[in-house]
Amino acid sequence: MTAEPERITDEDLHAFVDGVLPAARRAAVEAWLAATPDDAARVAAYRQQKEGLSALFDPVLGEPVPARLAPDAVRGGRRRVGVWLGRAAAAVLLAGAGFGGGWFASEAEFPRLPTLRALASEGVSAHRVYTVEVRHPVEVDASRQQHLVTWLSKRMGREIRAPDLSGHGFKLVGGRLLHADNQPACQFMYETDDGERLTLYIRVNPDSRETAFRIVEQDGLTAHYWLHGALAFAVIGEIGRDRMERVAHTIYRVFES
Amino acid sequence: MTSDRARLIEEQIPSLRRYARALVGARGEADDLVHDCIERALSRWHLWRPDRDLRPWLFTIMHNQFVSQRRKAARRPVPLALQDDAGYTATPPTQGSGLLLQELAGALAELADDQRAVLLLIGLEGFSYDEAAGILGVPRGTVTSRLARGRERLRRLMAGEEGPVLRRVK
C-alpha cells in the first residue's frame with residue numbers, strides 16, 4: 001500500500017536545500033517532493049539560487065586583498081578611503097563659498113585624503129574656466145579624437161579613454177591637458193545640441209585606492225567624483241543629480257575593463 | 001600577541017569581503033565595511049573568547065557596523081552614494097549563465113536588507129541557522145522565516161512573477 005506522504009513544512013524544504021535535515025526527515029521530504037511538483041520546482045529554484053550566489057561572489061575570494069585592509073594597515077591608523085552611503089551624503093551642499101576648503105563641511109570628515117579632497121575642486125575649477133570659452137573650449141577637438149586620447153594617454157602615463165556619452169545626449173567637443181600638483185591631468189568636454197556643457201576631469205590616482213562615488217553640489221553644479229584603479233575622476237555639469245548619476249555610471253564602466 | 005591577531009583576522013578577510021560585496025553591492029563600499037569591521041575587531045580584541053570561533057564573531061561585528069551605517073544613511077535627508085555595480089560583474093556576462101546571474105544579482109539587490117543578510121549568511125557563507133541567528137542577534141525562528149520569505153521573493157523576482165517596484169512593505 002502507498003502511504004500518504006507526510007505533511008512537510010516550508011522550514012523542512014529550506015533545511016532540505018541547506019542539507020541540514022536529519023536523514024529520516026529527508027526521506028519524508030523526498031517523498032513529498034516526488035508527489036508535489038510545485039514544491040519540487042521551488043526547491044529546485046532555491047538550489048539554483050545558492051549555486052548562483054556562489055558563482056557570482058566566490059570570485060571575490062580569489063581577488064587580491066586591497067592593502068588598506070591588512071590588519072596592520074588598519075591598526076596603523078590609515079583611514080579608510082571610501083565612503084559609506086551616509087558619508088557620501090555628508091559630502092556636502094555648501095552655500096556660496098569658494099573652492100579650496102569650502103567644498104567640505106568638515107575637513108575632519110575626510111582626513112588624509114589629499115587626492116580626493118582636491119579632486120572635486122580641481123575638476124570644478126577647470127569646468128568653470130573652460131566651459132565658458134566660446135572660441136577655445138578645448139585644445140584638441142573631437143574631430144581628432146584618436147589623436148587626442150593617444151596624446152593624453154601618453155602624457156598621463158595611463159590609458160585614457162574619451163567615454164561615449166551620446167546615449168545621454170552629450171557629444172564630445174574635445175579635450176585638453178591640465179596639471180595638478182605638478183602631475184598631468186586632463187579634461188574632456190561634452191556638449192548637448194542645446195549647448196549644455198559637461199566636463200570629465202581625470203588625474204592620476206597615486207596609490208590606486210578605490211572609493212564609492214561621492215557627490216557635491218554647488219551653485220547649480222553637480223560633481224560626481226571617485227577613485228578607480230590608476231585614475232581619479234570627477235564629472236561636472238549643470239545637470240541634475242539623477243542624470244549625472246547615470247552619466248557617472250557610464251564613465252565608470254568605460255574605465256572598468 | 002598582535003601578529004597572531006593580525007594573522008587570524010587576515011585569514012577571514014576573503015570571506016568577509018565576499019559577504020560584504022554580496023550584501024552592499026559596490027566594491028568600494030563593501031571594502032569600507034570590511035575595513036570598519038577589522039578596525040573594530042582589533043580595538044575590541046579583548047572581548048573575543050579564544051574558545052569560540054573567530055569567524056562568527058567577526059561577522060557579528062560586521063553586521064552591526066552594516067546596520068548602524070544603514071541607519072545613519074537613512075536619517076540623512078540628502079543624496080545616496082551611487083552603487084558602482086562592481087560587485088555584480090564578477091562573472092563576465094559572456095558566459096552562458098551570465099545573464100541569469102546578472103538577473104540574480106539584480107533580484108538580490110531588491111531584497112530587504114535583513115532577508116538578504118540571512119540568505120547570504122546561510123546560502124553563501126555556509127553558516128548554520130543558529131550561527132546566523134547569533135550573528136544577526138535574532139531568534140532562530142526569525143532566521144528561518146526570513147530565509148523562507150527571502151528565497152521565495154527571489155524566486156518570484158527571477159520568475160518574473162513579481163516586479164521590482166512592488167516591494168512589499170514588511
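Note on naming: letters A, B, ... go to the chains in the order of the sequence lines (proteins, then strands), and numbering restarts at 1 for each one.
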Do NZ/NE/NH1/NH2 and the carboxylate oxygens of R21(B) and E63(A) come within less than 4.0 Å? yes
F57(A) CZ to L104(B) CG distance, which is reported to the nearest 0.5 Å: 7.5 Å
As an exercise, state the distance from CG of L56(A) to CZ of R18(B), rounded to the nearest 0.5 Å. 12.0 Å
To the nearest 0.5 Å, tell me how far L108(B) CG sits from Q49(A) CD. 9.0 Å
Distance-only side-chain donor-acceptor flag, H14(A) / R151(B), under 3.5 Å: yes
Side chain from CB out, backbone as N, CA, C, O: work out which of these in V65(A) comes under 4.5 Å of a heavy atom of chain B, or both, or neither. both
At what distance, to the nearest 0.5 angstrom, does CZ of R155(B) lie from CD of Q48(A)? 11.5 Å
Atom pair CG (L53(A)) and CD1 (I122(B)), whose distance is rounded to the nearest 0.5 Å: 12.0 Å
Heavy-atom distance under 4.5 Å to chain A: side chain of L154(B), backbone, both or neither? both
Considering only heavy atoms and a distance below 4.5 Å, find which of L120(B), L119(B), I9(B), I13(B) pairs most often with chain A. I13(B)
Which answer fits Y19(B), side chain, backbone, both or neither, if we ask what part of it has an atom under 4.5 Å from a heavy atom of chain A? neither
For R140(B), does the CZ atom sit with more than 12 other heavy atoms under 6.0 Å from it, leaving out its own atoms? yes
Is it the side chain or the backbone of S15(B) that comes within 4.5 Å of chain A heavy atoms, both, or neither? both
Minimum heavy-atom separation for R68(A) and G28(B), please, with both atom names. NH2-O, 3.8 Å
Can you tell me how far the CZ atom of R17(B) sits from the CG atom of L69(A), to the nearest 0.5 Å? 6.0 Å
Name the region of E11(A), side chain, backbone, both or neither, that has any atom closer than 4.5 Å to a heavy atom of chain B. side chain
Between D10(A) and R149(B), is there a side-chain N and carboxylate O pair less than 4.0 Å apart? no
Portion of L147(B) that has a non-hydrogen atom of chain A nearer than 4.5 angstrom: both
Please give me the minimum heavy-atom distance between P71(A) and A6(B), naming the atom from each residue. CG-O, 3.5 Å
Search all heavy atoms of A70(A) against all heavy atoms of E10(B) and return the closest pair with its distance. CB-OE2, 4.2 Å
Would you call L124(B) and S54(A) a side-chain contact if the rule is heavy atoms closer than 4.5 Å? yes
Provide the closest heavy-atom pair for P66(A) versus D31(B) in the form atom of the first, atom of the second, distance. CG-OD2, 3.4 Å
